[in-house]
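Below: one structure, written as C-alpha coordinates.
This structure is a prediction, so every number in the text was calculated from the model and none was measured. Order of the sequence lines fixes the chain letters, A, B, ..., with proteins taken first and strands second; residue numbering starts at 1 for each chain.
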2 protein chains.
Amino acid sequence: MRPCYPRPRNAEATRADILLTARKRFARDGYDEVGLRDIAREVGVDAALISRYFGSKEDLFLQVMQSCDNGEGFMLGDRATWGRRIAEQVMTKPKPESKMDSLPIMLRSLGSAKAMEIIGRSSDERFFRPLIEWMGGKDAEVRARLAASVVMGVAMGKEITGGLPLDDDAKARFTTRFARLLQSLLDDEDC
Amino acid sequence: MRPCYPRPRNAEATRADILLTARKRFARDGYDEVGLRDIAREVGVDAALISRYFGSKEDLFLQVMQSCDNGEGFMLGDRATWGRRIAEQVMTKPKPESKMDSLPIMLRSLGSAKAMEIIGRSSDERFFRPLIEWMGGKDAEVRARLAASVVMGVAMGKEITGGLPLDDDAKARFTTRFARLLQSLLDDEDC
DNA sequence: GAAGGTTGTCAACAGCTGATGACAAGTCCA
DNA sequence: TGGACTTGTCATCAGCTGTTGACAACCTTC
(Lines give C-alpha, C1' and ligand atoms only; values in the text may rest on other atoms or scores of the structure.)
Protein backbone atom coordinates (compact mmCIF):
# COMPACT_ATOMS: atom_id res chain seq x y z
CA MET A 1 0.00 0.00 0.00
CA ARG A 2 2.74 2.46 0.96
CA PRO A 3 4.37 3.67 -2.26
CA CYS A 4 8.13 3.32 -2.66
CA TYR A 5 8.57 6.80 -4.11
CA PRO A 6 8.33 9.61 -1.57
CA ARG A 7 4.98 11.22 -1.00
CA PRO A 8 4.51 14.38 -3.10
CA ARG A 9 4.92 17.49 -1.03
CA ASN A 10 1.43 18.89 -0.85
CA ALA A 11 0.23 19.80 2.61
CA GLU A 12 -3.32 20.61 1.62
CA ALA A 13 -3.86 17.36 -0.26
CA THR A 14 -2.21 15.33 2.50
CA ARG A 15 -4.38 17.01 5.09
CA ALA A 16 -7.48 16.18 3.05
CA ASP A 17 -6.31 12.58 2.62
CA ILE A 18 -5.87 12.20 6.35
CA LEU A 19 -9.29 13.66 7.08
CA LEU A 20 -11.02 11.40 4.55
CA THR A 21 -9.22 8.28 5.70
CA ALA A 22 -9.87 9.12 9.34
CA ARG A 23 -13.57 9.52 8.59
CA LYS A 24 -13.65 6.16 6.86
CA ARG A 25 -11.84 4.39 9.67
CA PHE A 26 -13.77 6.04 12.50
CA ALA A 27 -16.98 5.02 10.71
CA ARG A 28 -15.81 1.45 10.26
CA ASP A 29 -14.14 0.83 13.60
CA GLY A 30 -15.09 3.58 16.05
CA TYR A 31 -12.96 6.07 17.94
CA ASP A 32 -11.30 3.72 20.38
CA GLU A 33 -10.36 0.97 17.98
CA VAL A 34 -8.57 3.13 15.43
CA GLY A 35 -5.04 4.26 16.17
CA LEU A 36 -3.29 7.21 14.62
CA ARG A 37 -0.82 4.71 13.19
CA ASP A 38 -3.64 2.84 11.43
CA ILE A 39 -4.83 5.99 9.73
CA ALA A 40 -1.30 7.10 8.93
CA ARG A 41 -0.42 3.73 7.38
CA GLU A 42 -3.49 3.82 5.16
CA VAL A 43 -2.72 7.34 4.00
CA GLY A 44 0.93 6.42 3.48
CA VAL A 45 2.30 8.89 5.96
CA ASP A 46 3.96 8.94 9.34
CA ALA A 47 1.71 9.10 12.39
CA ALA A 48 3.60 12.09 13.73
CA LEU A 49 2.32 14.14 10.82
CA ILE A 50 -1.27 13.68 11.94
CA SER A 51 -0.42 14.95 15.39
CA ARG A 52 1.24 17.98 13.85
CA TYR A 53 -1.60 18.77 11.46
CA PHE A 54 -4.55 18.12 13.74
CA GLY A 55 -3.13 18.47 17.24
CA SER A 56 -4.50 15.55 19.26
CA LYS A 57 -6.59 12.54 18.29
CA GLU A 58 -9.56 14.25 19.88
CA ASP A 59 -9.05 17.32 17.70
CA LEU A 60 -8.83 15.10 14.63
CA PHE A 61 -12.09 13.43 15.60
CA LEU A 62 -13.78 16.78 16.10
CA GLN A 63 -12.69 17.98 12.66
CA VAL A 64 -13.83 14.69 11.13
CA MET A 65 -17.27 15.17 12.66
CA GLN A 66 -17.40 18.73 11.39
CA SER A 67 -16.48 17.56 7.90
CA CYS A 68 -19.44 15.16 7.82
CA ASP A 69 -22.70 15.84 6.11
CA ASN A 70 -24.59 15.73 9.40
CA GLY A 71 -27.88 14.60 7.96
CA GLU A 72 -28.65 17.59 5.83
CA GLY A 73 -29.80 14.94 3.35
CA PHE A 74 -32.62 14.19 5.76
CA MET A 75 -34.22 17.47 4.91
CA LEU A 76 -34.34 17.41 1.15
CA GLY A 77 -37.11 16.56 -1.29
CA ASP A 78 -40.83 16.00 -1.10
CA ARG A 79 -42.29 15.85 2.41
CA ALA A 80 -44.95 13.37 1.29
CA THR A 81 -42.37 10.68 0.50
CA TRP A 82 -39.87 11.59 3.23
CA GLY A 83 -40.46 8.49 5.33
CA ARG A 84 -39.81 6.03 2.55
CA ARG A 85 -36.82 7.93 1.26
CA ILE A 86 -35.11 7.95 4.65
CA ALA A 87 -36.05 4.35 5.38
CA GLU A 88 -34.55 3.13 2.14
CA GLN A 89 -31.45 5.19 2.68
CA VAL A 90 -30.89 3.68 6.11
CA MET A 91 -31.56 0.16 4.87
CA THR A 92 -29.05 0.30 2.01
CA LYS A 93 -25.29 0.44 2.40
CA PRO A 94 -23.97 3.95 1.80
CA LYS A 95 -21.31 4.51 -0.84
CA PRO A 96 -17.82 4.49 0.68
CA GLU A 97 -16.94 7.98 -0.51
CA SER A 98 -20.08 9.35 1.07
CA LYS A 99 -19.84 12.11 3.61
CA MET A 100 -22.88 10.69 5.37
CA ASP A 101 -20.76 8.91 7.92
CA SER A 102 -21.89 10.63 11.08
CA LEU A 103 -24.38 7.88 11.92
CA PRO A 104 -21.93 4.95 11.81
CA ILE A 105 -19.28 7.05 13.52
CA MET A 106 -21.69 7.82 16.33
CA LEU A 107 -22.81 4.20 16.60
CA ARG A 108 -19.31 2.83 16.86
CA SER A 109 -17.99 5.55 19.14
CA LEU A 110 -20.74 5.40 21.76
CA GLY A 111 -18.38 3.69 24.15
CA SER A 112 -15.71 6.34 24.12
CA ALA A 113 -16.32 9.10 26.64
CA LYS A 114 -14.05 11.55 24.83
CA ALA A 115 -15.72 10.93 21.49
CA MET A 116 -19.20 11.08 22.98
CA GLU A 117 -18.59 14.48 24.47
CA ILE A 118 -17.68 15.78 21.04
CA ILE A 119 -20.57 13.98 19.35
CA GLY A 120 -23.14 15.25 21.83
CA ARG A 121 -21.94 18.79 21.39
CA SER A 122 -21.89 18.80 17.60
CA SER A 123 -24.90 16.59 16.88
CA ASP A 124 -27.32 18.87 18.65
CA GLU A 125 -26.52 22.00 16.72
CA ARG A 126 -25.75 20.33 13.43
CA PHE A 127 -28.45 17.65 13.37
CA PHE A 128 -31.24 17.88 15.93
CA ARG A 129 -31.90 21.62 15.81
CA PRO A 130 -32.18 21.75 12.01
CA LEU A 131 -34.35 18.63 11.91
CA ILE A 132 -36.70 20.02 14.54
CA GLU A 133 -37.03 23.24 12.64
CA TRP A 134 -37.57 21.45 9.32
CA MET A 135 -40.27 19.15 10.70
CA GLY A 136 -42.15 22.02 12.26
CA GLY A 137 -45.71 21.94 13.52
CA LYS A 138 -47.02 21.04 16.94
CA ASP A 139 -44.53 19.33 19.27
CA ALA A 140 -41.85 19.37 16.61
CA GLU A 141 -39.09 18.69 19.10
CA VAL A 142 -40.76 15.56 20.47
CA ARG A 143 -41.57 14.22 17.01
CA ALA A 144 -38.12 14.99 15.65
CA ARG A 145 -36.26 13.38 18.54
CA LEU A 146 -38.43 10.31 18.29
CA ALA A 147 -37.91 10.09 14.55
CA ALA A 148 -34.16 10.42 15.00
CA SER A 149 -34.28 7.72 17.66
CA VAL A 150 -36.07 5.35 15.31
CA VAL A 151 -33.52 5.93 12.57
CA MET A 152 -30.62 5.40 14.95
CA GLY A 153 -32.26 2.31 16.39
CA VAL A 154 -32.70 0.65 13.03
CA ALA A 155 -29.13 1.45 12.11
CA MET A 156 -27.98 -0.01 15.41
CA GLY A 157 -30.10 -3.11 14.93
CA LYS A 158 -28.39 -3.66 11.61
CA GLU A 159 -25.02 -3.39 13.33
CA ILE A 160 -25.82 -5.85 16.07
CA THR A 161 -27.35 -8.52 13.92
CA GLY A 162 -24.87 -7.96 11.13
CA GLY A 163 -27.36 -6.55 8.61
CA LEU A 164 -30.85 -7.67 9.49
CA PRO A 165 -31.23 -11.44 9.16
CA LEU A 166 -34.40 -11.18 7.08
CA ASP A 167 -35.08 -12.49 3.58
CA ASP A 168 -35.72 -9.95 0.84
CA ASP A 169 -39.48 -10.15 1.21
CA ALA A 170 -39.44 -9.57 4.94
CA LYS A 171 -36.85 -6.84 4.52
CA ALA A 172 -39.19 -5.05 2.13
CA ARG A 173 -42.03 -5.25 4.64
CA PHE A 174 -39.69 -4.03 7.37
CA THR A 175 -38.74 -1.06 5.23
CA THR A 176 -42.37 -0.26 4.46
CA ARG A 177 -43.37 -0.35 8.09
CA PHE A 178 -40.29 1.66 9.05
CA ALA A 179 -41.16 4.24 6.38
CA ARG A 180 -44.80 4.55 7.46
CA LEU A 181 -43.66 5.01 11.04
CA LEU A 182 -41.35 7.88 10.11
CA GLN A 183 -43.93 9.49 7.86
CA SER A 184 -46.55 9.47 10.60
CA LEU A 185 -44.08 11.22 12.90
CA LEU A 186 -43.74 13.93 10.28
CA ASP A 187 -47.44 14.24 9.45
CA ASP A 188 -49.42 13.46 12.61
CA GLU A 189 -48.90 16.42 14.85
CA ASP A 190 -51.43 15.51 17.51
CA CYS A 191 -50.43 13.30 20.32
CA MET B 1 -12.40 1.71 48.86
CA ARG B 2 -9.89 -1.11 49.22
CA PRO B 3 -10.12 -2.39 52.78
CA CYS B 4 -6.95 -2.58 54.88
CA TYR B 5 -7.74 -6.03 56.26
CA PRO B 6 -7.19 -8.86 53.80
CA ARG B 7 -10.07 -10.03 51.68
CA PRO B 8 -11.95 -12.99 53.20
CA ARG B 9 -11.11 -16.23 51.47
CA ASN B 10 -14.28 -17.08 49.59
CA ALA B 11 -13.86 -17.96 45.95
CA GLU B 12 -17.53 -18.13 45.11
CA ALA B 13 -18.36 -14.76 46.63
CA THR B 14 -15.31 -13.16 45.04
CA ARG B 15 -16.27 -14.57 41.67
CA ALA B 16 -19.77 -13.17 42.05
CA ASP B 17 -18.38 -9.79 43.11
CA ILE B 18 -16.19 -9.67 40.04
CA LEU B 19 -19.06 -10.59 37.74
CA LEU B 20 -21.35 -7.97 39.24
CA THR B 21 -18.75 -5.23 39.17
CA ALA B 22 -17.75 -6.12 35.63
CA ARG B 23 -21.38 -5.88 34.54
CA LYS B 24 -21.71 -2.48 36.15
CA ARG B 25 -18.54 -1.15 34.58
CA PHE B 26 -19.16 -2.60 31.12
CA ALA B 27 -22.62 -0.99 31.24
CA ARG B 28 -21.23 2.36 32.30
CA ASP B 29 -18.12 2.55 30.16
CA GLY B 30 -18.25 -0.13 27.47
CA TYR B 31 -15.93 -3.00 26.70
CA ASP B 32 -12.96 -1.06 25.41
CA GLU B 33 -12.80 1.61 28.06
CA VAL B 34 -12.80 -0.68 31.07
CA GLY B 35 -9.58 -2.41 32.03
CA LEU B 36 -9.27 -5.52 34.12
CA ARG B 37 -7.36 -3.39 36.62
CA ASP B 38 -10.33 -1.01 36.92
CA ILE B 39 -12.68 -3.84 37.74
CA ALA B 40 -10.18 -5.46 40.08
CA ARG B 41 -9.59 -2.23 41.98
CA GLU B 42 -13.31 -1.72 42.49
CA VAL B 43 -13.76 -5.26 43.76
CA GLY B 44 -10.68 -4.90 45.97
CA VAL B 45 -8.75 -7.68 44.34
CA ASP B 46 -5.73 -8.14 42.11
CA ALA B 47 -6.26 -8.08 38.35
CA ALA B 48 -4.49 -11.39 37.97
CA LEU B 49 -7.29 -13.08 39.86
CA ILE B 50 -9.80 -12.11 37.20
CA SER B 51 -7.67 -13.66 34.52
CA ARG B 52 -7.43 -16.85 36.56
CA TYR B 53 -11.15 -17.06 37.30
CA PHE B 54 -12.53 -16.07 33.92
CA GLY B 55 -9.74 -16.78 31.48
CA SER B 56 -9.53 -13.79 29.17
CA LYS B 57 -11.28 -10.44 29.14
CA GLU B 58 -13.42 -11.72 26.28
CA ASP B 59 -14.48 -14.71 28.34
CA LEU B 60 -15.36 -12.42 31.22
CA PHE B 61 -17.46 -10.29 28.90
CA LEU B 62 -19.26 -13.34 27.56
CA GLN B 63 -20.10 -14.55 31.05
CA VAL B 64 -21.28 -11.05 31.99
CA MET B 65 -23.64 -11.04 29.02
CA GLN B 66 -24.92 -14.48 29.95
CA SER B 67 -25.55 -13.31 33.51
CA CYS B 68 -27.76 -10.45 32.29
CA ASP B 69 -31.51 -10.50 32.25
CA ASN B 70 -31.60 -10.21 28.47
CA GLY B 71 -34.94 -8.49 28.26
CA GLU B 72 -37.09 -11.23 29.66
CA GLY B 73 -38.79 -8.35 31.44
CA PHE B 74 -40.04 -7.25 28.04
CA MET B 75 -42.35 -10.18 27.92
CA LEU B 76 -44.19 -9.96 31.22
CA GLY B 77 -47.57 -8.56 32.12
CA ASP B 78 -50.63 -7.41 30.25
CA ARG B 79 -50.27 -7.17 26.47
CA ALA B 80 -52.70 -4.24 26.33
CA THR B 81 -50.38 -1.98 28.32
CA TRP B 82 -47.09 -3.40 27.03
CA GLY B 83 -46.11 -0.34 25.02
CA ARG B 84 -46.43 2.10 27.88
CA ARG B 85 -44.73 -0.23 30.33
CA ILE B 86 -41.69 -0.66 28.11
CA ALA B 87 -41.57 3.02 27.18
CA GLU B 88 -41.58 4.11 30.81
CA GLN B 89 -38.97 1.54 31.68
CA VAL B 90 -36.64 2.81 28.97
CA MET B 91 -37.21 6.44 29.89
CA THR B 92 -36.39 6.01 33.58
CA LYS B 93 -32.97 5.25 34.98
CA PRO B 94 -32.64 1.61 35.99
CA LYS B 95 -31.65 0.73 39.54
CA PRO B 96 -27.91 0.13 39.83
CA GLU B 97 -28.27 -3.43 41.11
CA SER B 98 -30.52 -4.31 38.21
CA LYS B 99 -29.58 -7.19 35.96
CA MET B 100 -31.18 -5.36 33.03
CA ASP B 101 -27.84 -4.08 31.82
CA SER B 102 -27.64 -5.73 28.44
CA LEU B 103 -28.96 -2.66 26.63
CA PRO B 104 -26.41 -0.16 27.99
CA ILE B 105 -23.64 -2.74 27.62
CA MET B 106 -24.57 -3.22 23.98
CA LEU B 107 -24.81 0.51 23.38
CA ARG B 108 -21.42 1.28 24.83
CA SER B 109 -19.66 -1.70 23.32
CA LEU B 110 -20.82 -1.20 19.74
CA GLY B 111 -17.36 -0.01 18.79
CA SER B 112 -15.51 -3.07 19.94
CA ALA B 113 -15.30 -5.80 17.34
CA LYS B 114 -14.57 -8.50 19.89
CA ALA B 115 -17.48 -7.47 22.09
CA MET B 116 -19.84 -7.14 19.16
CA GLU B 117 -19.18 -10.64 17.98
CA ILE B 118 -20.20 -11.92 21.40
CA ILE B 119 -23.20 -9.60 21.61
CA GLY B 120 -24.49 -10.53 18.18
CA ARG B 121 -24.25 -14.20 18.99
CA SER B 122 -25.96 -14.04 22.36
CA SER B 123 -28.56 -11.34 21.69
CA ASP B 124 -30.21 -13.27 18.91
CA GLU B 125 -30.92 -16.40 20.88
CA ARG B 126 -31.49 -14.73 24.22
CA PHE B 127 -33.44 -11.66 23.10
CA PHE B 128 -34.72 -11.54 19.53
CA ARG B 129 -35.96 -15.09 19.16
CA PRO B 130 -38.00 -15.04 22.40
CA LEU B 131 -39.41 -11.60 21.61
CA ILE B 132 -40.47 -12.69 18.13
CA GLU B 133 -42.18 -15.74 19.54
CA TRP B 134 -43.89 -13.75 22.29
CA MET B 135 -45.22 -11.08 19.92
CA GLY B 136 -46.59 -13.66 17.54
CA GLY B 137 -49.10 -13.05 14.77
CA LYS B 138 -48.51 -12.08 11.18
CA ASP B 139 -44.98 -10.92 10.35
CA ALA B 140 -43.89 -11.28 13.95
CA GLU B 141 -40.21 -11.17 13.04
CA VAL B 142 -40.52 -7.87 11.19
CA ARG B 143 -42.61 -6.28 13.92
CA ALA B 144 -40.37 -7.55 16.69
CA ARG B 145 -37.14 -6.39 15.07
CA LEU B 146 -38.63 -2.99 14.40
CA ALA B 147 -39.88 -2.71 17.97
CA ALA B 148 -36.47 -3.67 19.29
CA SER B 149 -34.89 -1.10 17.00
CA VAL B 150 -37.15 1.62 18.34
CA VAL B 151 -36.29 0.74 21.92
CA MET B 152 -32.57 0.69 21.18
CA GLY B 153 -32.84 3.95 19.27
CA VAL B 154 -34.50 5.80 22.11
CA ALA B 155 -31.96 4.45 24.55
CA MET B 156 -29.20 5.57 22.22
CA GLY B 157 -30.73 9.00 21.79
CA LYS B 158 -30.70 9.40 25.54
CA GLU B 159 -27.01 8.50 25.58
CA ILE B 160 -26.04 10.94 22.88
CA THR B 161 -27.92 13.92 24.18
CA GLY B 162 -27.14 13.08 27.78
CA GLY B 163 -30.70 12.20 28.78
CA LEU B 164 -33.17 13.86 26.44
CA PRO B 165 -33.02 17.65 26.70
CA LEU B 166 -36.80 17.98 27.07
CA ASP B 167 -38.78 19.53 29.91
CA ASP B 168 -41.03 17.25 31.95
CA ASP B 169 -44.09 18.04 29.88
CA ALA B 170 -42.44 17.30 26.58
CA LYS B 171 -40.82 14.21 28.03
CA ALA B 172 -44.26 12.93 29.00
CA ARG B 173 -45.54 13.50 25.47
CA PHE B 174 -42.44 11.80 24.08
CA THR B 175 -43.08 8.79 26.29
CA THR B 176 -46.74 8.64 25.26
CA ARG B 177 -45.92 8.74 21.58
CA PHE B 178 -43.13 6.22 22.09
CA ALA B 179 -45.54 3.93 23.93
CA ARG B 180 -48.25 4.18 21.27
CA LEU B 181 -45.68 3.38 18.63
CA LEU B 182 -44.58 0.20 20.40
CA GLN B 183 -48.14 -0.85 21.13
CA SER B 184 -49.13 -0.51 17.49
CA LEU B 185 -46.21 -2.75 16.53
CA LEU B 186 -47.58 -5.37 18.90
CA ASP B 187 -51.24 -5.01 17.89
CA ASP B 188 -51.35 -4.04 14.21
CA GLU B 189 -50.36 -7.13 12.35
CA ASP B 190 -51.18 -5.90 8.87
CA CYS B 191 -48.65 -4.04 6.91
C1' DG C 1 1.59 -30.47 63.53
C1' DA C 2 2.79 -31.51 58.86
C1' DA C 3 1.13 -32.20 53.87
C1' DG C 4 -1.53 -30.51 50.26
C1' DG C 5 -4.76 -27.97 48.06
C1' DT C 6 -7.15 -23.36 47.72
C1' DT C 7 -7.25 -18.30 47.42
C1' DG C 8 -5.09 -14.30 46.65
C1' DT C 9 -0.90 -11.04 45.73
C1' DC C 10 3.14 -9.38 43.35
C1' DA C 11 6.39 -8.48 39.72
C1' DA C 12 7.16 -8.69 35.22
C1' DC C 13 6.31 -9.44 30.21
C1' DA C 14 5.52 -7.87 25.44
C1' DG C 15 2.66 -5.08 22.85
C1' DC C 16 0.26 -1.29 22.01
C1' DT C 17 -1.14 3.83 22.43
C1' DG C 18 -0.77 9.11 21.64
C1' DA C 19 2.53 12.47 21.72
C1' DT C 20 7.16 15.10 21.23
C1' DG C 21 11.41 16.96 19.51
C1' DA C 22 15.30 16.32 16.55
C1' DC C 23 16.41 15.72 11.96
C1' DA C 24 16.28 15.15 6.64
C1' DA C 25 14.62 16.56 2.23
C1' DG C 26 12.40 19.37 -0.74
C1' DT C 27 10.92 24.28 -2.34
C1' DC C 28 11.07 29.09 -2.72
C1' DC C 29 12.99 33.59 -2.74
C1' DA C 30 16.69 36.95 -2.73
C1' DT D 1 24.38 30.17 -4.33
C1' DG D 2 22.65 30.34 0.12
C1' DG D 3 19.52 31.10 3.67
C1' DA D 4 14.64 30.35 5.31
C1' DC D 5 10.55 27.98 5.34
C1' DT D 6 7.65 23.94 4.50
C1' DT D 7 6.69 19.06 4.48
C1' DG D 8 7.55 14.71 6.04
C1' DT D 9 10.28 10.92 8.72
C1' DC D 10 12.42 8.72 12.60
C1' DA D 11 13.51 7.51 17.26
C1' DT D 12 11.83 7.74 21.52
C1' DC D 13 9.01 8.64 25.53
C1' DA D 14 5.81 7.47 29.38
C1' DG D 15 1.67 5.21 30.19
C1' DC D 16 -1.48 1.78 29.69
C1' DT D 17 -3.18 -3.00 28.36
C1' DG D 18 -4.11 -8.27 29.06
C1' DT D 19 -1.70 -12.13 30.56
C1' DT D 20 1.62 -15.21 32.98
C1' DG D 21 4.25 -17.66 36.50
C1' DA D 22 6.32 -17.45 40.95
C1' DC D 23 5.23 -16.79 45.60
C1' DA D 24 2.74 -16.07 50.15
C1' DA D 25 -1.10 -16.80 53.25
C1' DC D 26 -4.81 -19.51 54.67
C1' DC D 27 -7.70 -23.67 55.36
C1' DT D 28 -8.63 -28.55 55.51
C1' DT D 29 -7.43 -33.21 56.38
C1' DC D 30 -4.83 -36.68 58.02
Intermediate values then yes/no, side-chain contact (heavy atoms from CB on, under 4.5 Å), B:L181 and A:L146: CA-CA 10 Å; B:L181 204 155; A:L146 194 47; 4.1 Å; yes
Donor on one side chain, acceptor on other, A:R84 and A:T176, under 3.5 Å: yes
Under the salt bridge (Lys or Arg N to Asp or Glu O under 4.0 Å) test, residues paired with A:R143 that sit two or more places apart: none
Set out, line by line, the N/O atom pairs under 3.5 Å between protein and nucleotides 27-30 of chain C.
none

No-hydrogen, no-angle side-chain donor-acceptor test under 3.5 Å, A:S56 and A:D59: yes
Using a cut-off of under 3.5 Å, enumerate the N/O to N/O pairs linking the protein to nucleotides 12-19 of chain D.
| unit_1 | atom_1 | unit_2 | atom_2 | d |
| --- | --- | --- | --- | --- |
| D:dG18 | OP1 | B:K57 | NZ | 2.9 |
| D:dG18 | OP2 | B:L36 | N | 2.8 |
| D:dG18 | N7 | B:R37 | NH1 | 2.7 |
| D:dG18 | O6 | B:R37 | NH2 | 2.9 |
| D:dT19 | OP2 | B:K57 | N | 2.9 |
| D:dT19 | O4 | B:R37 | NH2 | 3.4 |

Polar side chain donor-acceptor pair, B:R85 to B:T81, under 3.5 angstrom: yes
Selection from D:dT9, D:dT7, C:dT9 that lies nearest to any side-chain heavy atom of A:Y53: D:dT7
Aromatic plane relationship, A:F26 with A:Y31 - under 30° parallel, 30 to 60° tilted, over 60° perpendicular: parallel
SB check B:E42 B:R37 (cutoff 4.0 Å): no
Steps toward salt bridge (charged side-chain N to carboxylate O under 4.0 Å, His left out) verdict (A:D168, A:K171): CA-CA 5 Å; A:D168 288 355; A:K171 206 170 279 189; 5.3 Å; no
Between C1' of D:dT6 and CZ of A:R15, the distance in whole Å: 15 Å
Sugar-phosphate, base or nothing in reach of B:F54, heavy atoms under 4.0 Å: nothing
Whole-Å gap separating C1' (C:dT7) and CZ (B:R52): 7 Å
